[in-house]
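Structure first, then comments.
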Amino acid sequence: MPLYLGFDSSTQSLTACVLDIDEHRRDIVFESSLHFDEALPAYGTRHGVLPDADPSVVRSSPRMWVDALDLMMARLARSGLDLDRLAAMSGSAQQHASVFVRANAARVWRDLDVQRSPGEQLAASLARPVSPVWLDSSTSRECAELTAAVGGSDVLAQKTGSRAFERFTAPQIRKFFKTEPASYAATDRIHLASSFLASLLVGHHAPIEPGDGSGMNLMNLATREWWPPAVEATAPGLARKLPPISPSSTVVGTLSAYWQHRHGLRPARVVAWSGDNPCSLIGTGLVREGSIAISLGTSDTIFGLMREPRVDSSGTGHVFGAPTGDFMGLTCFSNGSLARERVRDAFGLTWSQFSDALGATAPGNDGRIVLPWFAPEITPAVASPGAHRYGVDPGDAAGTIRGVVEAQQLALARHSQWMGVEVGTIYATGGAAANRRILQVMADVFGADVYQFDVGNTACLGAALRAFHGDVIGAGRSMAWADVVRGVAEPVASTRIRPDPDRHAMYGELMRVHAACESHALGRGGDPGEAIQRFRQRTPSSKSTTS
Ligand code: XUL
């Protein structure tokens, strides 16, 4: 029976998983992760990105991502799995990141020396040694220029699914063209991290997949083609530098000779790679409209499938293409695990102590809030980093932890209202979804049942399932998405966390405090003291702890 390999090249780590599929069963038979900082220290990353004095400039190394693939392939080769059964592979990558390559790139990829690791061999093929990643927020000017050139935010959002966002690829390309014109001119092709890594695997240029392509501010969401007004407004000659866009199920080639010989692998099919959020949509089994998923990863994201693209008129969220051919709504918060880690480290705690502190504090935190904008925030847009404390002393570890966790869940709920989804069930995924105390806050804030998954990384699972789907389509057969995900991309029923009605009502009140604090911190509203007092009067019972 065939094996399907999925990769997830995320901000901080690379994960791989292998699915063993037969008619009746789908088993995950391999799952492994490596952290870039630890596994590949020579690249000098911290939390997967290159240190920079300017907090708005965030970049990583595309050569490091490829060396990580090489290390992971070596682990796979040693795993004892019968890799002669490997039918196909696909991948998920952090969204928005771009890789600028020269005209010799395809030759370099094809002729890699099997005795040497790939990263060192790629240097001469890169027109830009670094990749700007989704945490970068340094392109506000380019966002404004792009917006003006295409006729305003609404036009851009209606066409591409999102207004201009700093991390999106078009403003990033424009900034590169403006600041490094010679290197831009030397760029033959601009890939996303996803299409770049797929290209490396097949040894020639792979296309961009529409789910990830819609994170660029360049793709016409309706036709899934490049949208000329945005392409022309971004940088001269860009149309020639963009790879074609191909459906999610496209088999982009077979594993190149380099990887076959280096790791003793067969020429398995390689299916187009996508972004981590579109892959997670599949890995959480969200192939129908209705339920939503919340991913608590480096970023926190909330997303769900949409049959029709309901673009966000408030300008907060995004509509991306879904791998199923439908659409997905998504709101992204950059201070997800980054913020939780920052708080844990500031108080010198382990994750279990972090969790105990959360359990020892009362839901509602007596109306006290900590807005966790330790790094520049995407939702709402915050350029100057800094946490904003409302009533929480900087030395109060437990109050800070609850203040941050509640503010994060309240922000997820408030800033996803544009999606117009009645949230009854939430599928929780990402590293921090292992923490049931955080999920209890989620359930209580949303007033929804929350479920966990068996598999640690749903983006990676989604990639493996997309490899399966692409392999089936590539063989000239068809398969409904509900059948693709059945029996594996399903939450574990016994993990259900129920909302408490009283706490849900209390969080409805706290939501107003959160909104007032946010307005104040953004300089758009007065002191939230009154809102906090009102909350305390209305919810005197908010002092008891959850566990
Ligand atoms: C989504 C986004 C993040 C990255 C994280 O728009 O920017 O979720 O995809 O890898």
Side-chain angles (χ1 to χ4, degrees), residues 7-15 33 36 45 47-49 58-60 65 68 91-98 131-137 139 143 157 160-172 192-197 208-219 221 273-284 293-304 312 315-323 327-339 375-379 381 408 411-412 415-416 419 429-433 457-460 462-463:
F7 291 107
D8 174 38
S9 180
S10 75
T11 317
Q12 306 202 43
S13 56
L14 176 75
T15 302
S33 282
F36 297 133
T45 55
H47 297 294
V49 300
V58 187
R59 295 160 173 173
S60 188
W65 301 334
S92 140
Q94 57 175 308
Q95 296 199 251
H96 317 294
S98 42
S131 289
V133 303
W134 65 277
L135 284 158
D136 189 285
S137 57
T139 64
C143 285
T160 70
S162 303
R163 67 166 172 84
F165 278 85
E166 280 78 358
R167 70 194 191 284
F168 275 45
T169 321
Q172 292 291 341
L192 289 176
S194 56
S195 60
F196 170 69
L197 293 170
I208 284 182
E209 184 272 347
D212 215 15
S214 37
M216 300 174 81
N217 276 143
L218 289 174
M219 193 191 85
L221 198 59
W273 283 43
S274 181
D276 50 1
N277 293 295
C279 285
S280 227
L281 188 81
I282 301 303
T284 48
I294 294 182
S295 170
L296 303 177
T298 304
S299 62
D300 284 352
T301 56
I302 177 164
F303 55 86
D312 174 19
T316 305
H318 318 295
V319 180
F320 293 153
F327 301 90
M328 63 184 288
L330 177 137
T331 307
C332 179
F333 301 80
S334 37
N335 284 283
S337 285
L338 279 182
E377 178 53 63
I378 293 169
T379 312
Q408 288 180 322
L412 278 159
H415 294 301
S416 59
M419 284 165 63
T429 173
N457 182 324
T458 51
C460 195

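Numbering of ligands and ligand atoms starts at 1, following listing order.
- Residues passing the side-chain contact (heavy atoms from CB on, under 4.5 Å) test with Ser295, sequence neighbours excluded: Thr301, Phe303, Thr429.
- Considering only residues two or more places apart in sequence or on other chains, Phe196 meets the ring-ring contact (aromatic ring centres under 6.0 Å, His included) condition with none of them.
- Contact record, Val133 with Ser60: CG1-CB, 3.8 Å, taken as the closest heavy-atom pair.
- Contacts of Asp300 classified as salt bridge (charged side-chain N to carboxylate O under 4.0 Å, His left out), with partners at least two apart in sequence or in another chain: Arg340.
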Contacts table for ligand 1: protein N or O within a distance under 3.5 Å of ligand N or O, distances only.
unit_1, atom_1, unit_2, atom_2, d
ligand 1, 6 (O), His96, NE2, 2.7
ligand 1, 6 (O), Arg167, NH2, 2.8
ligand 1, 7 (O), His96, NE2, 3.2
ligand 1, 7 (O), Arg167, NE, 2.8
ligand 1, 8 (O), Asn277, ND2, 3.0
ligand 1, 8 (O), Ser299, OG, 2.9
ligand 1, 9 (O), Gln95, N, 3.1
ligand 1, 9 (O), Asp276, OD1, 2.7
ligand 1, 9 (O), Asp276, OD2, 3.3
ligand 1, 9 (O), Asn277, ND2, 3.4
ligand 1, 10 (O), Asp276, OD2, 2.4

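- Judged by distance alone, with hydrogens and angles left aside, the side-chain atoms of Glu377 form a donor-acceptor pair with the main-chain N or O of Asn335 at under 3.5 Å.
- Taking the six-membered ring where tryptophan is involved, the planes of His318 and Phe168 are tilted, since the angle between them lies from 30° to 60°.
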